[in-house]
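Treat the numbers as computed from the prediction; the structure is a model and nothing was measured. The figures that follow rest on heavy atoms only: side chains count, while hydrogens, waters and symmetry mates do not. In this chain, residues are counted from 1 in sequence order.
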Amino acid sequence: MARKPKWTSEQIPDLTGRVAVVTGGNSGIGLETARELARAGAHTILACRSTERGQRAIGDLRAAMPDSSVELMKLDLGSLSSIQGFARDFADGHARLDMLINNAGVMALPHSLTEDGFESQMGINHLGHFALTGRLLGPLLATPGARVVTVSSVGHRGATLDFDNLLFENGGYTPFRPYWRSKLANLLFTYELQRRLRSAGVQVSALAAHPGFSSTNIGGHLGPHWFSWIQKPLMAGVIQSAAMGALPTLRAAVDPQAEGGQYYGPRGPVGLRGHPVVVSSNAASHDREDARRLWDTSEELTGVPYSFRR
């Protein structure tokens, strides 16, 4: 039986007239995602915490693609006031939003808190994107066929939820535990969002993706021991480029055949590398009671209630 053709960026359709927001679009997978969306004609907004790094990325994109339509907007996902300001400024300048790419993230940080007092990894990776999506529901609902794509990780399989210690306020913090939990939360959010969108009868879809094991700077703060000169030759056959890592996100965002509730990742062994296909997530990510409870808790913590009325 012949295998299906490999999906590549060459299969991205013409996106002229579409508007996309990519969080963390200044580097790594976010930058590669923004690059391909802009190359296909979308007006692509890089939503970045660092204006300096964002301006460098915009300059690189314009140098490589002079006719591209790219824009930089400041966004700090660790600040609910920044998220609110971003959404207000976006609505002032744009009437539609075709693709919201919830890509930005932090991994394995020493314990720290966001501006609003949330543990940083859950606060940025999940709560920040939950609040951002809720704040941008207006332009999403005004755009039939819009998609919300949230980037998770194979690391979600190592996570557990504890609603009595969701943000590790009662201890138990280790650098990776909140990262894994945030990636499970990304999937619970995606699947619950899709159920609510479908129930409301609106033409907006929620999908998720993961990049496999890709070469990015997300773990750069971990130091030389994270990816030392000894490890590099051993990992050469496993790690893939950021451009390859962006393909699952891109396919979820633009493939006409993609459907709400799907999860895309590399097709290779254990999902570490390869071209994007629909993949499965663990049973915990499909727990509807946990999803509803996480949703209610996220609305309460962020102060961002969702309304699906247009």
Side-chain angles (χ1 to χ4, degrees), residues 7-77 82-83 85-87 89-106 124 128-129 132 136 139-140 143 146-151 207 209-212 214-220 239-255 264 275-276:
W7 196 92
T8 71
S9 59
E10 294 180 0
Q11 291 167 260
I12 297 175
D14 180 14
L15 300 177
T16 302
R18 309 284 182 88
V19 177
V21 169
V22 183
T23 68
N26 58 279
S27 66
I29 290 165
L31 178 57
E32 295 303 325
T33 300
R35 185 191 314 279
E36 295 305 330
L37 295 176
R39 192 192 309 278
H43 177 71
T44 305
I45 297 165
L46 280 63
C48 306
R49 181 173 61 87
S50 169
T51 301
E52 180 182 356
R53 290 194 292 270
Q55 287 174 339
R56 281 203 301 267
I58 289 285
D60 290 344
L61 292 176
R62 287 176 174 160
M65 301 178 292
D67 295 330
S68 62
S69 179
V70 291
E71 178 183 354
L72 174 64
M73 291 183 66
K74 185 172 177 60
L75 171 67
D76 182 354
L77 287 163
S82 175
I83 293 167
F86 176 92
D89 292 344
F90 178 88
D92 286 344
H94 304 280
R96 63 183 295 139
L97 177 55
D98 298 85
M99 292 160 279
L100 171 58
I101 312 297
N102 290 327
N103 162 81
V106 293
I124 292 169
H129 281 124
L132 178 66
L136 292 175
L140 285 166
T143 312
R147 296 184 186 182
V148 178
V149 180
T150 301
V151 179
L207 302 93
H210 80 82
S214 301
S215 178
T216 72
N217 60 5
I218 191 171
I239 198 167
Q240 62 181 3
S241 68
M244 281 294 294
L247 289 181
T249 299
L250 287 163
R251 187 168 190 181
V254 306
D255 187 343
Y264 283 86
H275 292 265

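- The CG atom of Asp76 sits 11.5 Å away from the SG atom of Cys48 when rounded to the nearest 0.5 Å.
- Val21 approaches Ala47 most closely through the heavy-atom pair CG1-CB, 4.1 Å.
- Taking CG of Asp98 as the reference point, atom NE2 of His43 lies at 11.5 Å (rounded to 0.5 Å).
- Of the inter-residue distances, the one linking Asp89 atom CG with His94 atom NE2 reads 9.5 Å to the nearest 0.5 angstrom.
- In this structure, a donor-acceptor pair under 3.5 Å is absent between the side chains of His129 and Thr150.
- Atoms OG1 and CE, from Thr44 and Met99 in turn, are 7.0 Å apart once rounded to the nearest 0.5 Å.
- Distance alone, capped at 3.5 Å, places no donor-acceptor pair between the Thr16 side chain and the Asp14 backbone.
- Partner Leu37 forms a side chain to side chain contact (heavy atoms under 4.5 Å, CB included) with one of Ile45, Val70, Val254 and no other, that one being Val254.
- If you take OG on Ser68 and CZ on Arg39, they are separated by 9.5 Å, rounding to the nearest 0.5 Å.
- Between the side chain of Arg96 and the backbone N or O of Val19, no donor-acceptor pair lies under 3.5 Å.
- Nearest approach of Pro276 to Pro248, heavy atoms of both residues: CB-CA, 3.6 Å.
- Side-chain contact between Thr8 and His275 is present, with at least one heavy-atom pair separated by less than 4.5 Å.
- Between Leu72 and Thr51, the closest heavy-atom pair is CD2-O, 3.7 Å.
- Under a 3.5 Å cut-off, the side chain of Thr143 and the backbone N or O of Ala146 do not form any donor-acceptor pair.
- Annotation: side chain of Val149 is not in contact with side chain of Tyr264 (no heavy-atom distance under 4.5 Å).
- Put simply, the side chain of Val22 does not reach to within 4.5 Å of the side chain of Leu46, judged on heavy atoms.
- Pro211 is listed as a side-chain neighbour of Val151, based on a closest heavy-atom distance under 4.5 Å.
- The shortest heavy-atom contact between Ala104 and Leu77 is CB-CD1, 3.7 Å.
- Counting heavy atoms from C-beta on, the side chains of Leu100 and Leu132 come closer than 4.5 Å.
- In this structure, the side chains of Leu61 and Arg35 come closer than 4.5 Å at one or more pairs of heavy atoms.
- Residues Ile83 and Gly128 come closest through the heavy atom pair CD1-O, 3.5 Å.
- Separating the OG1 atom in Thr23 from the CG atom in Asn102 is a distance of 5.5 Å, to the nearest 0.5 Å.
- A pairwise comparison of heavy atoms in Gly24 and Asn103 identifies O-ND2, 3.5 Å as the closest pair.
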